[in-house]
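Counting convention: from 1, in listed order, for ligands and their atoms alike.
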Amino acid sequence: MSGDFKAEFAARFRRPPRVFQAPGRVNLIGEHTDYNDGYVMPAAIGFHTLVGCAPNNGENFVVRSLQQADSAAFPIGDPHPQPRHDWTDYVRGVQIQLQASGFRFAAANLLVSGNIPMGAGLSSSAAIEVGVALALLDLAGGAMGRTAIATLCQRAENEFVGARCGIMDQFSSIYGRTGHALLVDCRSLEFRYVALPDRVSLVICNSMVKHSHKAGEYNVRRAECERSVGYFQAWHPAISALRDVTEEDLRRHGDGLPAVLLRRSRHVISENARVLRAADALDRGDLESMGKLMHESHISLRDDYEVSCPELDALVELAAKSPASYGARMTGGGFGGCTINLVEREAVDEFKSVVAKGYKNLMSIEPEIYVTTAVDGAGSVE
Ligand code: GLA
């Protein structure tokens, strides 16, 4: 793939590029917890974005994609950069953040290509950000720690693109490891790897409903969490995020919250506990318990956090009927996108055909189903 990509770059820009790759991610458990300073357990997956880059001796960054029609050229020293509201904002947001951090680079041509399904909740945008950050750091001849790269990319998305995402997506793209998920504490950004048993595959079922949480409901959920934190601070002023609210606090004081905020808080608090129990279960190789926790997570996202949709619920219910599946849940922001399923490797084909047929019968939609494994994080491609 990278050989063709390099040739394509050279044909368009008449110069060989340096190439970097960044993977998408799937989250096994820990949804809508990252921006509450909580725990998540994502894994980088075998779908990637490639970013090729070479200086162009001009004044402008020229940004193109092999998949997207939009392209952009923007001056390197624009004092008032404005978002264009297309994918090139991810590139520009990262460029601006790197310059704000003191990195200096020449104008360059950038080509982006990839196979991460877009709008499916598998972090195609975070992969662009991380790949571009590596390419521009290389162009600047600079270095930055991996955690700092992840937080810089998150800032690019928060401040320039205008999506208030947490840290999970960028973090997994940069720190992924073959055969492992990551257990991340999104407050301290400490993490450890959790081995995934060989006998299961990560099976991702795409509902084909484009998730549209970007500006709307996602930010509403964040605001609801912030209001809940304000309420709990009346009892414990040290509480700064829902991460700090215990199950006991919720039992004692939860009744005073408006019903919606009680449900949102209950999801976040119970989900954090589930992530830690899930890590223990995987450490023991106990896939049955892991699967049960995934199912509970889905129910909580459906009923308390209200970020699922009928199509995702149908995919989870179909998977629950399959003896080959240990657990299934929606993954990512929700309102469409994908489910993640832990499936016995030997029975993956059967699982795929049962779910695809069932989903088509119920929803009249042909799902896409991707079978993948956990892979290494972003890096250069030789
Ligand atoms: C999106 C965001 C992440 C995270 C998930 C929900 O993917 O980008 O930061 O909040 O939603 O868990």
Give the numbers and elements of all ligand 1 atoms closer than 4.0 Å to a heavy atom of [X].
X	value
Y35	10 (O)
M168	4 (C), 5 (C), 12 (O)
R25	7 (O)
G166	9 (O)

What I want to know is whether [X] and ligand 1 share at least one N or O pair that is separated by under 3.5 angstrom.
X	result
G332	no
E31	yes
T33	no
D34	yes

**Report entry** Atom of A135, atom of V51 and distance for their closest heavy-atom approach
**Finding:** CB-CG1, 3.9 Å
Salt-bridged, [X] to [Y], with N to O below 4.0 Å?
X	Y	result
R221	E217	yes
R302	E311	no
E317	K321	no
R243	D185	yes

**Report entry** Per-residue contact class, R164 against ligand 1 - non-hydrogen pairs under 4.0 Å
**Finding:** neither
Report summary line: The side chain to side chain donor-acceptor pair (under 3.5 Å) partners of N56 (sequence neighbours excluded) come to N109
Requested in this report: Return yes when R221 approaches ligand 1 closer than 4.0 angstrom through a heavy atom, no otherwise.
Outcome: no
Show the atom names and distances, to 0.1 Å, of all donor-acceptor pairs under 3.5 Å that link a side chain in residues 327-335 to residues at least two apart or in another chain.
residue	atom	partner	partner atom	Å
R329	NE	S297	OG	3.0
R329	NH1	N27	O	2.9
R329	NH1	L28	O	3.1
R329	NH1	E31	OE1	3.3
R329	NH2	E31	OE1	2.7
T331	OG1	N27	N	3.0
T331	OG1	N27	O	2.9

